[in-house]
Amino acid sequence: MRTPNPLSAIPQVIVLGIAAMACLSSGCTRWIANPAMAGGSLLGVNTPALTTTTDANGVQLVAAPAESANTVHQASQSERYVARQYPSTAPYVPPTTYVPPTNGVPATTNAPPSNYTTPPSLATPPSTYGNSAYGVSPAPSAPVNAPAIQYGAAPQYGAAPQYGATPQYGAAPPYTAPPQNVPPTTTYSPGQNYGTPIAPDATYAAPDPIFPGTTYSDPLSPPTNYVPMPTVREADLIINGYPARTGRIMLGGAVNSDAGVTGQITLDERNFDITRWPRSFQDMFSGTAFRGAGQTFRIEAAPGSDFDRYTINFADPNLFGYKPVSMSVSGFLVDRRFQDWDEERLGGRLSFGYRITPDLSVSAGISGQNVEISRPRVLGVAPLDAVLGDNELYSGTLSLKHDTRNSPIQSSEGHYFEFSFEQAFGDFDYSRFESEYRKYWLLSQRADGSGRQTLSYSTQIGYSGEETPIFENFFAGGYATIRGFDFRGAGPVDSGVSVGGRFKFLNTVEYMFPITADDAFKGVAFVDFGTVEPEAKLNSDSFRVSPGLGLRVAIPMLGPAPLAFDFAFPVNKADTDETQVFSFYMSLIR
């Protein structure tokens, strides 16, 4: 038979055909059928390396080596997964690697590679296949110190196709097993159940404590190289939500002792989208136009007997995506008929806010308005005559708020603090600052949280510059400032006209308690005290003190704000003050 030269070019199709026939004849279909074993070899199949030998006639024989149990197991178990859960409590011992059925082969040979297996120094002698300490080991049936494997024809595969004589490469070098690093016998002192092993051979290096089965000097503390495993589980979360009703039209009315009778028509949308213009007639009536961005749009008309108010407001609570930056734009027209003059304000305001924490926020804004003063009741009052007609007023404002109240309506715990600074310019140039602080203490409550008894204290301090116009002065008197006095009836007076002051100091101490078990009726006892002065000083002759009692009535059909009825009796006042014992109102806060 003619022996082809192995160094000559052999057509690739013949090589592929011979490889396929060899695999089919030797039972290699297991590797072909299992896609998990695909590697970088021909046909995407991880075939074993062929071994060669030469018979007595000089004919080269080709055969595949015997399959190791490790290779067979990996081929059959490559699509199995092991779920592990790592504890976070010390001492940490990694879980044992999953060991499938061995079929008589030692577990150390069958176990898939893992970071937690025995290190190479204590494992089975490394194999020469792949030049890796964790490569394929020799057949487990052979002893560790067995002589070198003979590269003859493997009888279990049958005779391989004969290719003729080939150049001899020499006999394979004999395999010599490396010396074994056998751990010495561990002994313990009498009565010792655990602790550091006593190794008689000083040259023996104990295995790293991270491997299973190692004892520690202190069973309650982890080893020094302990690395905690993550305990946070991550998973994809898909949320399907449907928007609730966010728009509303409200019709109502109100009456109080300061502003008379007022009607109200409000259009409010809390999920507004200013960029979502209607694309069709269907969008106009289906509720999809101008909705979906979480913005606020509100139009309000409140005509009344003593004042008219018309406002439009747009606000975006998250101006730049999910960042805590807000923006608000508003326009207003307010016509108020006071006792001494009529006042009409037309203007707008732009402000930006930043939420530092859920309770703390800062804001900055600029506003401009035209204030028209008309129909004065008394002529010849210098502060009033100076502002008759139109007045252009612009201002910039900075404010800081900290609010920890548990509810803005009848709070029982927490506090509210606000500080603002305003610089006005235009027809009048002046500076102004205001500060307000409210504190609430919960004294007692029932087991279900009802029947709360609350003690509260509030104070307001403000000061404005010398060029402050009369319509921007501070005023006191009425339910929102000092009860027991007429609206704007507790302050400086010039020729019978309430001109207000540039300094205010107003305080309230109030105790609220339940009257009925359902909290529909509550009683209050309070003391209002303070003053408004032309200058920043306190005058004992004009310092107002007004204690009193009140009733709060909660009617669900009228909303969360209760009806308030208060009786106050001034015990200290100025000679020019106008008193009013009874006051009533409906409001979120005083």
Side-chain angles (χ1 to χ4, degrees), residues 248-268 298-313 330-347 369 371-378 408-410 470-491 496-498 500 506 508 520-524 526 528 546 548-570 577-590:
R248 57 182 178 175
I249 298 178
M250 296 179 291
L251 303 176
V255 58
N256 61 67
S257 57
D258 290 353
V261 180
T262 306
Q264 185 181 32
I265 304 175
T266 303
L267 172 64
D268 186 21
R298 182 184 180 94
I299 300 177
E300 182 181 18
S305 60
D306 292 342
F307 82 98
D308 303 325
R309 182 181 68 247
Y310 305 92
T311 61
I312 181 171
N313 181 75
S330 62
F332 55 87
L333 172 61
V334 179
D335 185 8
R336 181 66 193 257
R337 292 168 287 280
F338 295 107
Q339 181 179 359
D340 297 317
W341 68 82
D342 289 352
E343 179 179 305
E344 182 181 275
R345 296 175 181 246
L346 175 64
Q369 56 182 319
V371 183
E372 181 183 356
I373 305 298
S374 61
R375 299 179 62 182
R377 185 177 61 86
V378 177
I409 306 173
Q410 293 187 352
I470 186 175
F471 55 83
E472 288 294 308
N473 278 342
F474 298 115
F475 294 87
Y479 77 90
T481 53
I482 303 179
R483 287 163 286 189
F485 296 87
D486 196 7
F487 177 65
R488 288 193 169 186
V497 177
S498 297
L506 305 174
T508 296
F521 292 86
K522 293 183 178 181
V524 295
F526 60 87
D528 294 343
S546 179
L549 298 173
L551 178 67
R552 303 292 182 265
V553 182
I555 302 177
M557 63 179 300
L558 296 181
L563 297 176
F565 306 92
D566 291 334
F567 296 86
F569 309 92
D577 291 345
E578 298 180 4
T579 62
Q580 179 178 292
V581 175
F582 175 70
S583 62
F584 60 95
Y585 58 94
M586 180 177 66
S587 177
L588 298 181
I589 58 175
R590 286 187 56 253

**OP:** Please step through side chain to side chain contact (heavy atoms under 4.5 Å, CB included) for the pair D308 and R337, ending with a clear verdict.
**Re:** CA-CA 9 Å; D308 303 325; R337 292 168 287 280; 3.7 Å; yes
To check you understand the geometry: which heavy-atom pair defines the closest contact between [X] and [Y], and what is its length?
X    : Y    : answer
P303 : Y310 : CB-OH, 4.0 Å
I482 : L506 : CD1-CD2, 3.7 Å
T481 : T508 : O-OG1, 4.4 Å
D306 : D258 : OD2-O, 4.3 Å
P562 : I409 : CD-CG2, 4.3 Å

Got a donor-acceptor contact below 3.5 angstrom from the [X] side chain to the [Y] backbone?
X    : Y    : result
S498 : R488 : yes
N256 : A259 : yes
S583 : Y479 : no

Subject >> Derivation of the salt bridge (Lys or Arg N to Asp or Glu O under 4.0 Å) call for D342 and R377 >> reply: CA-CA 9 Å; D342 289 352; R377 185 177 61 86; over 6 Å; no
**OP:** State plainly whether the residues R375 and D340 are in salt-bridge range, i.e. N to O under 4.0 Å.
**Re:**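 No salt bridge links R375 with D340.
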**OP:** Given side chain to side chain contact (heavy atoms under 4.5 Å, CB included), test V371 with I373 step by step and report yes or no.
**Re:** CA-CA 7 Å; V371 183; I373 305 298; 3.9 Å; yes
Subject >> Straight-line distance of F487 CZ to F338 CZ, nearest 0.5 Å >> reply: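 If I round to the nearest 0.5 Å, the distance is 5.5 Å.
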Subject >> Sequence-distant partners of E344, salt bridge (charged side-chain N to carboxylate O under 4.0 Å, His left out), two or more places apart >> reply: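 So E344 forms no salt bridge (charged side-chain N to carboxylate O under 4.0 Å, His left out) with any residue.
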Original post:
Does the pair D268 and R298 meet the rule for a salt bridge (Lys or Arg N to Asp or Glu O under 4.0 Å), with working shown?
Top reply: CA-CA 4 Å; D268 186 21; R298 182 184 180 94; 3.8 Å; yes
**OP:** With sequence neighbours left out, write down each residue that passes ring-ring contact (aromatic ring centres under 6.0 Å, His included) with F582, or none if nothing qualifies.
**Re:**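 Checked F582 against ring-ring contact (aromatic ring centres under 6.0 Å, His included); matches are F567, F584.
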**OP:** For residues L551 and D566, determine if any side-chain heavy atom of one lies less than 4.5 Å from a side-chain heavy atom of the other.
**Re:**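 No, too far: nothing below the 4.5 Å cut-off.
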Original post:
With a 4.5 Å heavy-atom cut-off, do L563 and I555 have their side chains touching?
Top reply: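 The answer is yes, as the side chains (C-beta and beyond) meet within the 4.5 Å cut-off.
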**OP:** Taking side-chain contact (heavy atoms from CB on, under 4.5 Å) as the test, write out the residues that go with T311, two or more places apart.
**Re:**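 Residues passing side-chain contact (heavy atoms from CB on, under 4.5 Å) with T311: E300, R309, F332.
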Subject >> Residues which pass side-chain contact (heavy atoms from CB on, under 4.5 Å) with A568, listed by chain and number, not counting sequence neighbours >> reply: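 Once residues adjacent in sequence are excluded, the partners of A568 under the side-chain contact (heavy atoms from CB on, under 4.5 Å) criterion are R483, F526, S546.
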**OP:** Kindly state each residue pair satisfying salt bridge (charged side-chain N to carboxylate O under 4.0 Å, His left out) with at least one member in residues 471-480, sequence neighbours excluded.
**Re:**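 Non-adjacent pairs meeting salt bridge (charged side-chain N to carboxylate O under 4.0 Å, His left out): R345-E472.
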**OP:** Begin with the C-alpha distance, continue with both residues' side-chain angles, and end with the deciding distance and a verdict on side chain to side chain contact (heavy atoms under 4.5 Å, CB included) for V497 and W341.
**Re:** CA-CA 9 Å; V497 177; W341 68 82; 4.3 Å; yes
Subject >> Residue list, side chain to side chain donor-acceptor pair (under 3.5 Å) with Q580, at least two apart or on another chain >> reply: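 With neighbours one apart ignored, the set is empty.
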